[in-house]
Each structure stands twice: as C-alpha cells, then as structure tokens.
Amino acid sequence: MAFNQYGQPVGEALPEWQPRPRPTGATLNGQFCRLVALDAERDFAALFNAYQQAPDGRDWTYLMGERPENPAAMRAHLEKLQANTGLVNLLVLDSRHQTPVGTVALMRIEEASGVLEIGHVNWSPLMKQRSCATEAIFLLLRYTFDELGYRRCEWKCDSLNEPSRQAARRFGFSYEGRFMKALVTKGRSRDTDWFAMTEDRWPAVRTAFEQWLDEENFTADGQQKQRLQAFMP
C-alpha cells in the first residue's frame, strides 16, 4: 500500500501512464464475424430484415427503444445512434455470407483513465447463441486491451436482464454491484448491474477465448465442441 506525504493511503502510482487513444470504427476481423463502422444508410435495410427474423420484439425489452416496425424506422433508429458522439457504433457481419447480423457500440469512453464500456449490444436471431456472438465480444476486448491499451472495460445491464447478466459472466467480466434506481427508461424504473474486466485479468481471459476459438474445438460444420466456460479461469 502506498502513502502520501501526510501518511494517508493512496492508489498505486502510474508515473508512465499516458491517456489512451479514442477507439474508432476500425475493422476487426475474426473467424466467424467481422466488425466494421456502422453506416445507417448502407445498413438499415439488411438490419431491419435481420431483426425481423424474430417473431416479436421481446429482444428489445431491455434496450432503450422498441424494435422498429419498418425500414424507415430502422434507418431513423440507426441515424440516432450515429448522431450520438459518445458512441462508436459497429456493425457485425457474418463472415460466411458477409450479412449484417447485429450492432454493438463502445461507449462511456474515458481516454484519460483508459476506461470504456461495451454497450448497445443488439444481436439479431441470425447471431444469437452462435459462435459469432461470442467472437464479436472477444474482438472488442482484444481491441480494447491489446490495441488501445485500456485498463478497464465495463458491461452494464438492467438488473432484470438475466441473459445479459449471464453473458457478462460467461465472457469473463466480474460482477461489481447494483446501482439502485439508476435510470428511468420506457417509463419504468431500472436498477443497473455493473460488471467489469481489468487489464490484469485480461491475459487469462484472452487465453480462454483463444483456446475456445481453436479450430480443434469446432466440428466441420462450425459447431463448438466445448463451451467457452470450459476454458475460462
């Protein structure tokens, strides 16, 4: 433990720390998916079709808006995301068909402290519970820690969104607590659960993802043999 000149305990000194670069819409390539900068005009029609693969809008319950009812509404939704300068919005493409299958954003970016959040995760039925959904998060984590040199990556969700809570733990994030009555959204009160991963945990998590992604862990038709949890420390 470190102490200052007054004998008070203080945090670890970081004499060589420098603010980190802000993430961009860089292309991130994987085996099962590719992430590129979102373009509302280019992507709205394909994304509308992807989200319409679901029979109803229940996948949007814990998102900030409801599922767009037509292509024009989808374009407006994507334009709103792009207009938010606090978001780095990314499109997820299925590698096999180069088809748009979902969106995600890097947000709450604090370059000075090396902290950001993976948020606005919106997977279509073409992506959910498939290998590309897991790999997309790996690509974002690798970009955050290995390329940008950030110290902390956060994951936040509605405390009632059990699939998101389970996903955070599956991806190696640690639960940090619940912020009571943190938001009012869609006319309802929301408690927010916080998860995070820090740079010291990342190497072990990266190894788990890499072991999971090894070609020996997949059948000829791309089905996983062991789940990610089998490799996670």
Would you say [X] and [Y] are hydrophobically clustered, going by side-chain heavy atoms of ILVMFWY under 4.5 Å?
X      : Y      : result
Leu213 : Met197 : yes
Leu91  : Leu63  : yes
Leu47  : Leu81  : yes
Leu141 : Leu87  : no
Ile118 : Leu35  : yes

Return the [atom1] to [atom2] distance between [X] and [Y], rounded to the nearest 0.5 Å.
X      : Y      : atom1 : atom2 : result
Leu93  : Asn29  : CG    : CG    : 10.0 Å
Asn217 : Arg227 : CG    : CZ    : 11.5 Å
Gln229 : Arg169 : CD    : CZ    : 12.0 Å
Trp155 : Arg165 : CH2   : CZ    : 13.0 Å
Gln31  : Cys132 : CD    : SG    : 12.0 Å
Met64  : Lys80  : CE    : NZ    : 10.0 Å

Which pair of heavy atoms, one from [X] and one from [Y], lies closest together, and at what distance?
X      : Y      : answer
Pro19  : Ala112 : CB-CA, 4.0 Å
Ala2   : Gly11  : CB-O, 4.3 Å
Ala26  : Tyr143 : CB-OH, 4.0 Å
Arg42  : Val36  : NH2-CG2, 3.9 Å
His120 : Ala105 : CB-CB, 4.1 Å
His77  : Pro68  : CB-CG, 4.1 Å

Just so I know, are the side chains of [X] and [Y] near enough to count as touching, which here means a heavy-atom distance under 4.5 Å?
X      : Y      : answer
Met232 : Arg170 : no
Thr185 : Tyr62  : no
Arg206 : Phe138 : yes
Arg201 : Pro233 : yes
Phe231 : Thr207 : no
Asp94  : Leu126 : no
Phe48  : Leu78  : no
Phe171 : Thr134 : yes

Salt bridge or not for [X] and [Y], using N-O below 4.0 Å?
X      : Y      : result
Glu66  : Lys186 : yes
Arg142 : Glu147 : no
Lys156 : Glu117 : yes
Arg58  : Asp56  : yes

Hey, does the side chain of [X] reach the backbone of [Y] with a donor-acceptor pair shorter than 3.5 angstrom?
X      : Y      : answer
Asp43  : Asp39  : yes
Asn122 : Thr103 : no
Ser159 : Asp193 : no
Tyr150 : Ile109 : no
Lys225 : Glu216 : yes
Arg151 : Gly114 : no
Gln82  : Ala40  : yes

Is [X] atom [atom1] crowded by more than 12 heavy atoms from other residues, nucleotides or ligands, each under 6.0 Å away?
X      : atom1 : answer
Glu16  : CD    : no
Glu69  : CD    : no
Arg108 : CZ    : no

Measuring centre to centre across the rings, with the benzene-like ring taken for any Trp, is Phe173 within less than 6.0 Å of Phe195? no
Would a line drawn from the ring center of Phe218 to the ring center of Trp212 be shorter than 6.0 Å? yes
Which one of Leu116, Leu38, Leu106, Thr24 satisfies the side chain to side chain contact (heavy atoms under 4.5 Å, CB included) criterion with Val88? Leu106
Steps toward side-chain contact (heavy atoms from CB on, under 4.5 Å) verdict (Leu139, Cys33): CA-CA 9 Å; Leu139 295 175; Cys33 68; 3.9 Å; yes
Inter- and intrachain pairs under salt bridge (Lys or Arg N to Asp or Glu O under 4.0 Å), touching residues 120-131, at least two apart: Asp59-Lys128
Under 3.5 Å, is there a donor on one side chain and an acceptor on the other for Arg34 and Gln98? yes
Sorted by chain and number, sequence neighbours left out, ring pair (Phe, Tyr, Trp, His ring centres under 6.0 Å) with Phe145 holds for Trp202
Does Phe179 sit in a hydrophobic cluster with other residues, and if so which ones, taking ILVMFWY side chains as linked at heavy-atom separations under 4.5 Å, directly or through other members? Trp194
